[in-house]
K.L.:
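Here it is, the structure in full.
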Amino acid sequence: MAVEGYRLERIDEYRWRVPRTGPMLTEGLVFADDELILHIRGDKSLQQVANVACLPGIQGPSIAMPDIHWGYGFPIGGVAAFDLEEGVISPGGVGYDINCGVRLLRSDITAQQLQPRLAKLMDRLYRNVPSGVGASRSDLKLSPKEVARVLVSGAAWAVKNGYGWPQDLERIEAGGTIEGADPDNISQRAVERGRAQVGTLGSGNHFIEIGYVGEVYDETAAAALGLFKGLVTAFIHSGSRGLGYQVCDDYLKTMLRASEKYGIVLQDRQLCSAPLQSDEARHYLAAMRGAANYAFCNRQMMGHWVRETFEEVLGQSADRLGLRLVYDVAHNIAKIETHTVNGREKKVCVHRKGATRAFPPGHPEVPEVYREVGQPIFIPGDMGRYSYVLVGTEGAYKETFGSTCHGAGRMMSRKQAKRTAKGRAIVRELEDVGILIRAASRATVDEEISEAYKDVKDVVHVVHKAGIGKMVAQLKPLGVLKG
Amino acid sequence: MADAEWRTIEHTADLGLEVEAPSLEQLFVVGAHGLAGVLLGDEAGVPSASAGRATEWRELVLEGPDRQALLVDWLRELLYIQITEGVLFTAAEISELGEDRLIARAGFAPPAADTPVERELKGVTYHDLELSQRGDRWYARIVFDL
């Protein structure tokens, strides 16, 4: 049964508390302003924050970012950390799309220089990166043995096989390879689903967006990231595809049994979990890390094809175009990290479901090149407006287990979005404002209309003002490839 | 609602399915039609007696802790077959449906050329799951991750 009778009380301008009640082991902490809290109150996400607060061994509060919305089990935009001895791990706290995340490339060419070739670039991208429902590559089907290598090595597998540059690896969370992955804990079904999907975008809210730096808010940080006003960028948003979904599916079943076995009381069966010290948890962690590595590899390969497409259309090498990787960061993952809890440093298992790691300047896991400014964070908005680049802060490290928001957050159901888009030519509407759309399905475009999302500006404003992320730049879209 | 039918329900990020049928067995079958309908981008359906021209049949034996989990497993299995083999559920004959075991013969066919699969479902979740008897009818609610 879900937690009943939970309340919401204001802490300050950007923070709200869900006080402990009933079976909650800790309170909820929600980041939002007056406007966003109205949306948040409109769905069941606060209920989900309260439900997560009931899981054994939770450390600090059950946290919700300003882009929080109703998910399944955990809210989307939720962060929860668990004690390694007393706590649990939950596949529902990571989600189906394990290591769904965002990668950003920057360039030395201006939006104006690209404009005459933009349509061609978008057409070629559509051809070069498989997208859409069940997208797979006809030209690249890995053997199960090779998939196992991807699961262990992640983005490093891609680089070793000629997809991208060796220096890309130092600009990926965890270097693009999370240690501790074990293919033996991944089912044959999952491996099978992964064989022809590495290097594919997928559908839904996944995209490749060609844009440019519209505004710079922090010159020093932007310069460190290689972002300068007017220069072209490329965003890639995707995850671990069918392999990751299958891993989640397989382990939900395992965890449902485990919850009963270990006497874990569930407020929602999708929160099914196992103690971190159990075999079930160890196996899931090893499998989830493998799927996360697959996702790093997936984005690395797409990044390579984005570079190749620029080369093909602009007739210059990616190196000469300055198409460097800024960073690649996960927003659906569970990681063992060291944080300070009740004044004591300890290792905890941080679940980020629709939340981005936001480590501060000086943290050893921030690439050396960004050590002075903090870890880069990417917050994509909807396809018609803008996206943001931020850096991690000490505030995030202290208050949210080094986490911040991950996107605009849906406001409309897909059904509602389709109703809103009915009778309108969304692709044409966007073209009229200078944004070219290439999409495998019209339905996806309709479901992803701008109005379906909160204004990402409002979300980013909250995390910036609350000190759990620092605004660096705003990116504006020129062309979007949707699944 | 008609004798047996399914319809999608609103969910901010994902998509839900409501199913009603006169018996538990029919509920599972109509739920499977609902899954196929959702994949095709439909929003509601009343499976007719003619629904079910299968080109291939599969014997499925599923075990789970209870009927709710079995319903999720059943839909997961059909989804897996659709994803990996490109065929959609069209019909089923359920020979056993107990508290913890389901045995069924499920029929599949490729989608028609003019109605391709439009959606990618990531999974069938346990979230907000309901399976209950309401008077003399059975009701289920299932949430998919999109």
Side-chain angles (χ1 to χ4, degrees), chain A residues 2 39 42-45 48 69-76 92 95-97 100 132-135 189 192-193 202-206 239 241-242 244-246 248-250 252-253 255-257 260 266 268-272 354 409-416 418 441-444 447 452 483, chain B residues 7-17 38-44 62-88 100 111 115-131 141-146:
Chain A
H39 294 302
D43 66 22
K44 293 185 185 172
S45 47
Q48 295 186 315
H69 51 282
W70 183 20
Y72 42 90
F74 272 62
I76 298 166
Y96 282 86
D97 199 357
C100 185
V133 174
R189 280 189 168 194
E192 195 53 44
R193 288 179 70 174
S203 67
N205 60 359
H206 293 158
R241 311 286 293 114
Y245 313 160
Q246 190 66 43
C248 181
D249 233 12
D250 293 340
L252 281 170
K253 211 171 164 177
M255 296 302 189
L256 199 58
R257 283 194 300 267
E260 203 181 336
L266 300 174
D268 177 337
R269 291 184 111 186
Q270 192 70 14
L271 295 176
C272 56
R410 275 197 91 89
M411 208 158 63
M412 281 184 194
S413 70
R414 285 169 164 88
K415 213 166 158 178
Q416 209 180 341
K418 269 174 119 170
S441 132
R442 183 192 159 150
T444 304
E447 289 176 356
Chain B
R7 63 188 175 91
T8 57
I9 45 176
E10 309 264 339
H11 186 289
T12 320
D14 302 307
L15 183 77
L17 180 69
V38 164
L39 290 166
L40 295 173
D42 297 339
E43 292 190 352
L62 303 170
E63 289 183 347
D66 52 45
R67 280 180 183 155
Q68 277 197 353
L70 273 182
L71 176 61
V72 170
D73 274 356
W74 162 245
L75 298 179
R76 281 181 182 163
E77 195 64 27
L78 302 176
L79 179 61
Y80 177 78
I81 292 170
Q82 183 273 319
I83 289 165
T84 52
E85 297 172 39
V87 288
L88 275 175
D100 54 7
T115 55
V117 169
E118 255 195 28
R119 282 185 194 285
E120 183 170 80
L121 294 184
K122 290 178 186 159
V124 185
T125 78
Y126 296 124
H127 172 62
D128 227 12
L129 177 63
E130 190 179 335
L131 174 60
R141 184 182 55 239
I142 306 120
V143 174
F144 301 118
D145 182 18
L146 279 181

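Computation of the quantities below employed the complete heavy-atom set of this structure, encompassing side-chain atoms and omitting hydrogens, waters and symmetry-equivalent molecules. In what follows, every chain begins at residue 1, and chains take the letters A, B, ... in the order their sequences are listed.
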K.L.:
Pick one of side chain, backbone, both or neither for B/Thr84, based on which atoms fall under 4.5 Å of a heavy atom in chain A.
P.N.:
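Side chain only.
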K.L.:
Quick check on the interface: out of B/Val143, B/Thr8, B/Val72, who has the most heavy-atom pairs with chain A under 4.5 Å?
P.N.:
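Option with the top pair count is B/Thr8.
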K.L.:
Of B/Leu121, B/Thr125, B/Leu79, which meets side chain to side chain contact (heavy atoms under 4.5 Å, CB included) against B/Phe144?
P.N.:
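The passing option is B/Leu121.
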K.L.:
Output the distance between atom CG (B/Asp100) and atom CG (B/Leu62), rounded to the nearest 0.5 Å.
P.N.:
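Between B/Asp100 CG and B/Leu62 CG, I get 11.5 Å after rounding to 0.5 Å.
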K.L.:
So for B/Val124, is it side chain, backbone, both, or neither that comes closer than 4.5 Å to the heavy atoms of chain A?
P.N.:
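Backbone only.
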K.L.:
Using a cut-off of under 4.5 Å on heavy-atom pairs, state which of B/Leu39, B/Asp128, B/Leu129 scores highest against chain A.
P.N.:
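Going by pairs under 4.5 Å, I would pick B/Asp128.
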K.L.:
Given A/Tyr96, which partner from the list A/Tyr245, A/Phe74, A/Tyr72 fulfils the ring-ring contact (aromatic ring centres under 6.0 Å, His included) test?
P.N.:
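So, applying the ring-ring contact (aromatic ring centres under 6.0 Å, His included) to A/Tyr96 and each of A/Tyr245, A/Phe74, A/Tyr72, only A/Tyr72 qualifies.
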K.L.:
Quick check for you: among A/Asp97, A/Leu271, A/Asp249, which has the greatest number of heavy-atom pairs under 4.5 Å with chain B?
P.N.:
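Of the candidates given, the most pairs with chain B belong to A/Asp249.
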K.L.:
Got a salt bridge between B/Glu43 and B/Arg119, using NZ or NE/NH1/NH2 to carboxylate O under 4.0 Å?
P.N.:
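Salt bridge: no.
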K.L.:
Please look at A/Leu252 and chain B and tell me whether the side chain, the backbone, both or neither of the residue comes under 4.5 angstrom of a heavy atom of that chain.
P.N.:
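Both parts, heavy atoms under 4.5 Å.
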K.L.:
May I ask you to say whether A/Glu447 pairs ionically with A/Arg410, meaning some side-chain N is under 4.0 Å from a carboxylate O?
P.N.:
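No, this pair does not count.
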K.L.:
With chain B as the partner, which of A/Lys415, A/Arg189, A/Arg193, A/Lys253 has the greatest number of non-hydrogen pairs under 4.5 Å?
P.N.:
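Winner by heavy-atom pair count: A/Arg189.
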K.L.:
NZ of A/Lys418 to OG1 of A/Thr444: how many Å apart, nearest 0.5 Å?
P.N.:
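So the gap between those two atoms works out to 8.5 Å.
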